[in-house]
There are 2 protein chains.
Amino acid sequence: MSEDLYSMKEAMIYSQRIAHLSKALWKAVEKDWQAWIKPYDLNINEHHVLSIASNLKGASISDIAKFGVMHVSTAFNFSKNLEERGLLSFSKRNDDKRNTYVEITEKGHLLLKDLNDSYEKSNHTVVEGSLPLKEMYGKFPQFLELLAVIRNIYGDDFMDIFEESFRNMEKQL
Amino acid sequence: MSEDLYSMKEAMIYSQRIAHLSKALWKAVEKDWQAWIKPYDLNINEHHVLSIASNLKGASISDIAKFGVMHVSTAFNFSKNLEERGLLSFSKRNDDKRNTYVEITEKGHLLLKDLNDSYEKSNHTVVEGSLPLKEMYGKFPQFLELLAVIRNIYGDDFMDIFEESFRNMEKQL
């Protein structure tokens, strides 16, 4: 580490601050997310895989793992569950026999559409907690520092795909 | 929800953005945290309970649950493990027979000190990913928008204790 830039004490306090904040945020996000998708018999990773497959046309299992922040084996197992339910289809490519590619099926699209339509009726703890900022600034918070930290950890490629998925989601809705 | 302030589409995209960002941040935090405490045979919740007990003098199990963002039963079970290892001691108060209070023992303090001394040798993905911001602004990011959202979700009390624990940690280090 570039120790000239900071003391160990400073780094340790900062890393515990962000750890505790991140845990608190994730627990609230997780609760909202689980409550939303529960009626559709999906878990968070399965919904995440399905969204990535819908937003990235022709994703490989390693893309799913990378952009879903999960192990390749986790990405594969959850994709397999979704394939068995007819929500994803698997394929191999002639020019790349080693990787498995997944594509969302019509049934998968319909399920995502249903889920989106039911969003309104669900819990929105995190959205509600962000409303005072929206009132003050006229828009939802952008978390630019957080985006920068995540870009540094996961790379430009990760963030580019992240932004592209959200542009696609916006168009599809 | 106050629907005049935002459209459902806007809320849904925002909540998925923050969900995916929060997941990515938490996975990086979790990895660093686990790697740091692993040699001490602690899991994240046990370390969190121990830190809270050290920073809040005389915390009840419900305080631990609240400030550690875990279920009361989880807080109790992990506290029990720590008590069996002699790192925490349990007590009842005469004026409050219903709650169990926990206090960190001398052995618990020594373990936390050891852990802090070993921080340098551990992984620091999140700290490293925050360094470009530190170089640019002269300090580590403060995540003020995130703090505001978490304050709205968990309440002023939660944030006051959060800030107090970090002031205590700073003094103790």
Side-chain angles (χ1 to χ4, degrees), chain A residues 1-2 5-6 8-29 32-33 44 48 51 68-70 116 119-120 124-135 140-143 145-154 158 162 165-166 169-170 173, chain B residues 1-2 5-6 8-29 32-33 44 48 51 68-70 116 119-120 124-135 140-143 145-154 158 162 165-166 169-170 173:
Chain A
M1 287 207 286
S2 9
L5 259 168
Y6 59 96
M8 270 306 134
K9 177 175 166 181
E10 199 184 358
M12 187 160 67
I13 288 176
Y14 169 73
S15 80
Q16 288 194 64
R17 265 186 91 86
I18 191 168
H20 293 185
L21 288 175
S22 167
K23 191 182 179 200
L25 178 67
W26 173 243
K27 292 287 164 188
V29 160
D32 282 358
W33 198 344
I44 285 177
H48 205 169
S51 312
V69 205
M70 46 186 104
N116 292 347
Y119 176 78
E120 192 171 353
H124 305 88
T125 322
V126 179
V127 168
E128 294 284 326
S130 310
L131 282 186
L133 288 166
K134 167 120 169 90
E135 274 175 70
F140 279 115
Q142 293 191 283
F143 305 107
E145 287 172 320
L146 186 58
L147 284 170
V149 172
I150 291 176
R151 180 182 289 274
N152 290 329
I153 296 173
Y154 291 99
F158 180 87
F162 177 83
S165 327
F166 279 95
M169 196 188 288
E170 202 140 351
L173 283 174
Chain B
M1 287 208 284
S2 8
L5 258 167
Y6 59 95
M8 269 307 133
K9 177 176 165 179
E10 200 185 355
M12 185 161 67
I13 288 175
Y14 170 72
S15 80
Q16 288 193 65
R17 266 187 90 87
I18 191 168
H20 293 187
L21 288 174
S22 168
K23 190 181 181 203
L25 179 66
W26 173 243
K27 292 287 162 187
V29 160
D32 281 358
W33 199 344
I44 285 178
H48 204 171
S51 314
V69 205
M70 45 187 106
N116 291 347
Y119 176 77
E120 192 171 352
H124 306 88
T125 321
V126 178
V127 169
E128 294 283 325
S130 309
L131 281 186
L133 289 165
K134 168 121 168 88
E135 276 175 68
F140 280 113
Q142 295 190 284
F143 305 108
E145 288 171 321
L146 186 57
L147 284 171
V149 171
I150 290 175
R151 180 181 291 274
N152 291 329
I153 296 174
Y154 291 98
F158 179 88
F162 178 83
S165 327
F166 279 95
M169 196 188 288
E170 202 140 354
L173 282 175

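Sequence lines set the chain letters: A, B, ... in the order given, protein chains first and strands last, and positions in each chain run from 1.
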K.L.:
If I measure from the heavy atoms of chain A, does B:Leu146 come under 4.5 Å with its side chain, its backbone, both, or neither?
P.N.:
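Contact with chain A involves both backbone and side-chain atoms of B:Leu146.
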K.L.:
In Å, rounded to the nearest 0.5 Å, how long is the span from CG of B:Asp32 to CD1 of A:Ile18?
P.N.:
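It is 10.0 Å, given to the nearest 0.5 Å.
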K.L.:
Between B:Arg151, B:Lys27, B:Met169, B:His48, which shows the greatest number of heavy-atom pairs under 4.5 Å with chain A?
P.N.:
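With the most close heavy-atom pairs to chain A, the winner is B:His48.
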K.L.:
Does the side-chain contact (heavy atoms from CB on, under 4.5 Å) test come out yes or no for A:Val149 and B:Phe143, once each step is laid out?
P.N.:
CA-CA 11 Å; A:Val149 172; B:Phe143 305 108; 4.1 Å; yes
K.L.:
State, yes or no, whether a side-chain contact exists between A:Val127 and B:Glu10 at a heavy-atom distance under 4.5 Å.
P.N.:
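A side-chain contact under 4.5 Å is absent here.
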K.L.:
Are any of the side-chain heavy atoms of B:Glu170 and A:Ile13 separated by less than 4.5 Å?
P.N.:
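Result yes, sub-4.5 Å side-chain heavy-atom pair found.
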K.L.:
How long is the straight-line distance from CG of B:Asn152 back to CG of A:Leu131, given to the nearest 0.5 Å?
P.N.:
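One finds 9.0 Å between CG of A:Leu131 and CG of B:Asn152.
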K.L.:
So which of B:Ser165, B:Ala24, B:Ser15, B:Ala19 has the biggest tally of heavy-atom pairs under 4.5 Å with chain A?
P.N.:
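Top count of heavy-atom pairs under 4.5 Å with chain A: B:Ala24.
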K.L.:
Spell out, as yes or no, whether a donor-acceptor pair under 3.5 Å connects the side chain of A:Glu145 to the backbone of B:Pro141.
P.N.:
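Flag not set: sc A:Glu145 to bb B:Pro141 has no pair under 3.5 Å.
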K.L.:
Are the side chain of A:Lys23 and the backbone N or O of B:Gly68 linked by a donor-acceptor pair below 3.5 Å?
P.N.:
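Here the side-chain-to-backbone pair exists.
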K.L.:
Among B:Leu25, B:Ile153, B:Val29, B:Val126, who wins on heavy-atom pairs under 4.5 Å with chain A?
P.N.:
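Ranked by contacts with chain A, first place is B:Leu25.
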K.L.:
Where does the angle between the aromatic ring planes of A:Tyr14 and B:Phe140 fall among parallel (under 30°), tilted (30 to 60°) and perpendicular (over 60°)?
P.N.:
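Aromatic pair A:Tyr14/B:Phe140 classed parallel.
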K.L.:
In terms of heavy-atom pairs under 4.5 Å, which option from B:Ile44, B:Asn116, B:Leu147 contacts chain A the most?
P.N.:
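When all of B:Ile44, B:Asn116, B:Leu147 are compared, B:Asn116 has the most.
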K.L.:
Going by the ring pair (Phe, Tyr, Trp, His ring centres under 6.0 Å) test, name the single residue among B:Trp33, B:Tyr154, B:Phe158 that passes it with A:His20.
P.N.:
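When ring pair (Phe, Tyr, Trp, His ring centres under 6.0 Å) is applied between A:His20 and each of B:Trp33, B:Tyr154, B:Phe158, only B:Trp33 qualifies.
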K.L.:
Is there side-chain contact between B:Phe162 and A:Arg17, with heavy atoms separated by less than 4.5 Å?
P.N.:
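Counting from C-beta outward, B:Phe162 and A:Arg17 do come under 4.5 Å.
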K.L.:
Before accepting this row, confirm whether a basic side-chain N of the pair A:Lys9/B:Glu120 lies closer than 4.0 Å to the acidic partner's carboxylate O.
P.N.:
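Salt bridge flag = no for B:Glu120 with A:Lys9.
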K.L.:
Using heavy-atom distances under 4.5 Å, tell me whether B:Leu133 contacts chain A through its side chain, its backbone, both, or neither.
P.N.:
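Looking at B:Leu133, just its side chain touches chain A.
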